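All remarks here apply to the structure that follows.
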Amino acid sequence: MVPTDFLQNVYSRLGEVPFGKVTTYKRLAMAVKTKAYRSVGNAMRSNKDLTNIKCFKVVKSDGSLGGYALGAREKIRRLKAEGIEVKDGKIVDFKKKLFTF
DNA sequence: CAACCGGCCTGGA
DNA sequence: CTCCAGGCCGGTT
C-alpha cells in the first residue's frame, strides 16, 4: 500500500528528532497540523519500517513510554542506547530530552 | 460505512 | 495533591 500524506508527514517530522531526544504523539500531531494524536500512534503501529523510522522516540505527553510494536522492554533498551534513561516506565528528565519542532 | 488505536484531557473520588 | 474513569478527536484499515 502507498503511504498517505499524513503518514509521510509524520515520518518525515519524526526524522527531524535528533539523537538523544524524544517527542510526544501530541507534539508530532501538532507538527503535522492535526489534532489526531491517536492516529499518530496508530500510524506508528502500522509502520513496518522500524529500521528507518524510529518510533521508539515517540512517547506520551506525561513522559511515560506509551506502546511499542516490539514491546516496552525493547523500547526502553533502544532509548537507553540514545542516552535516555527510563525509570519506572517514565523518561528521566523528560522535559530536557523533549524535542520541540 | 463501521471499528480500531502505541493518546490526551477533564472531572470526580 | 494523587488515582481512576469516561469522553473525545481524527486518520487508517
Side-chain angles (χ1 to χ4, degrees):
Chain A
M1 64 156 273
V2 61
T4 62
D5 290 327
F6 174 76
L7 292 177
Q8 290 186 37
N9 241 314
V10 172
Y11 298 149
S12 181
R13 292 291 181 174
L14 181 56
E16 294 176 20
V17 181
F19 187 90
K21 293 272 182 87
V22 294
T23 190
T24 69
Y25 297 98
K26 185 182 176 183
R27 292 264 183 149
L28 203 49
M30 298 297 272
V32 295
K33 320 249 182 324
T34 232
K35 309 160 207 106
Y37 328 114
R38 312 183 93 254
S39 297
V40 174
N42 196 4
M44 295 298 131
R45 184 99 238 296
S46 50
N47 165 43
K48 306 292 183 303
D49 208 337
L50 292 175
T51 310
N52 297 306
I53 307 201
K54 303 163 162 149
C55 31
F56 65 91
K57 291 171 73 64
V58 187
V59 297
K60 292 199 192 178
S61 297
D62 65 341
S64 46
L65 290 179
Y68 190 52
L70 306 182
R73 241 316 279 275
E74 201 59 27
K75 187 165 185 174
I76 294 173
R77 202 170 72 67
R78 288 238 187 183
L79 287 172
K80 204 165 186 178
E82 296 210 0
I84 298 171
E85 292 178 50
V86 178
K87 184 163 193 172
D88 200 37
K90 292 174 190 119
I91 308 271
V92 179
D93 288 329
F94 175 60
K95 203 172 178 181
K96 294 179 184 174
K97 304 288 163 60
L98 181 59
F99 171 74
T100 304
F101 294 100

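Source: prediction; values computed, not measured. Order of the sequence lines sets the chain letters (A, B, ...), proteins ahead of strands, with each chain counted from 1.
- Nucleic acid contact for A:A29: none, since no nucleic acid atom lies under 4.0 Å from a heavy atom of the residue.
- Following rounding to the nearest Å, A:M30 (CE) and B:dC8 (C1') show an atom-to-atom distance of 12 Å.
- For A:S61 and B:dG7, the shortest distance from a side-chain N or O to OP1 or OP2 is not below 4.0 Å.
- When all heavy atoms of A:V40 and A:A29 are compared, the pair lying nearest together is CG2-CB, 3.7 Å.
- Between the P atom of B:dG7 and the CE atom of A:M44 lies a distance of 12 Å, rounded to the nearest Å.
- Counting any heavy atom pair closer than 4.0 Å across all strands shown, A:F6 reaches sugar-phosphate atoms only and no base atom.
- Out of B:dG6, C:dT12, C:dG10, the shortest distance to the side chain of A:K35 is found at C:dG10.
- A pairwise comparison of heavy atoms in A:T24 and A:K60 identifies CG2-O, 3.5 Å as the closest pair.
- Note: CD (A:Q8) to P (C:dT12) measures 11 Å, nearest angstrom.
- Going from atom OH of A:Y68 over to atom P of B:dC5 covers 19 Å, rounded to whole Å.
- When each of A:V59 and A:S39 is assigned the nucleotide of DNA chain B bearing its nearest heavy atom, the one mapping closer to the 5' terminus is A:S39.
- Distances were taken from every side-chain heavy atom of A:K60 (C-beta onward) to each of B:dG6, B:dG7, C:dG11; the shortest belongs to B:dG7.
- With hydrogens and angles disregarded, no donor-acceptor distance shorter than 3.5 Å links the side chain of A:E16 to the backbone of A:F101.
- Distance from the side chain of A:S46 is smallest to C:dT13 among B:dC8, B:dC5, C:dT13.
- A:V86 and A:V58 fall into different hydrophobic clusters, defined by Ile, Leu, Val, Met, Phe, Trp and Tyr side-chain heavy atoms under 4.5 Å apart, directly or through other members.
- Nucleotide C:dT2 holds its C1' atom 11 Å from the NZ atom of A:K90, rounded to whole Å.
- Distance A:R78 CZ to B:dG6 P: 18 Å, rounded to the nearest Å.
- Residue A:R38 contributes atom CZ, which lies 6 Å from atom C1' of B:dG7 at whole-angstrom precision.
- Nucleotide B:dC4: paired with C:dG11 (Watson-Crick or G-U wobble, both distances less than 3.5 Å).
- Nearest approach of A:E82 to A:F56, heavy atoms of both residues: OE2-CZ, 3.6 Å.
- Contacts of A:V58 with the nucleic acid, taken as non-hydrogen atoms under 4.0 Å apart, include base atoms.
- Nearest-nucleotide positions on DNA chain C for A:Y37 and A:D5 put A:Y37 closer to the 5' end.
- As rounded to whole Å, 11 Å separates atom P of C:dT12 from atom CG of A:N9.
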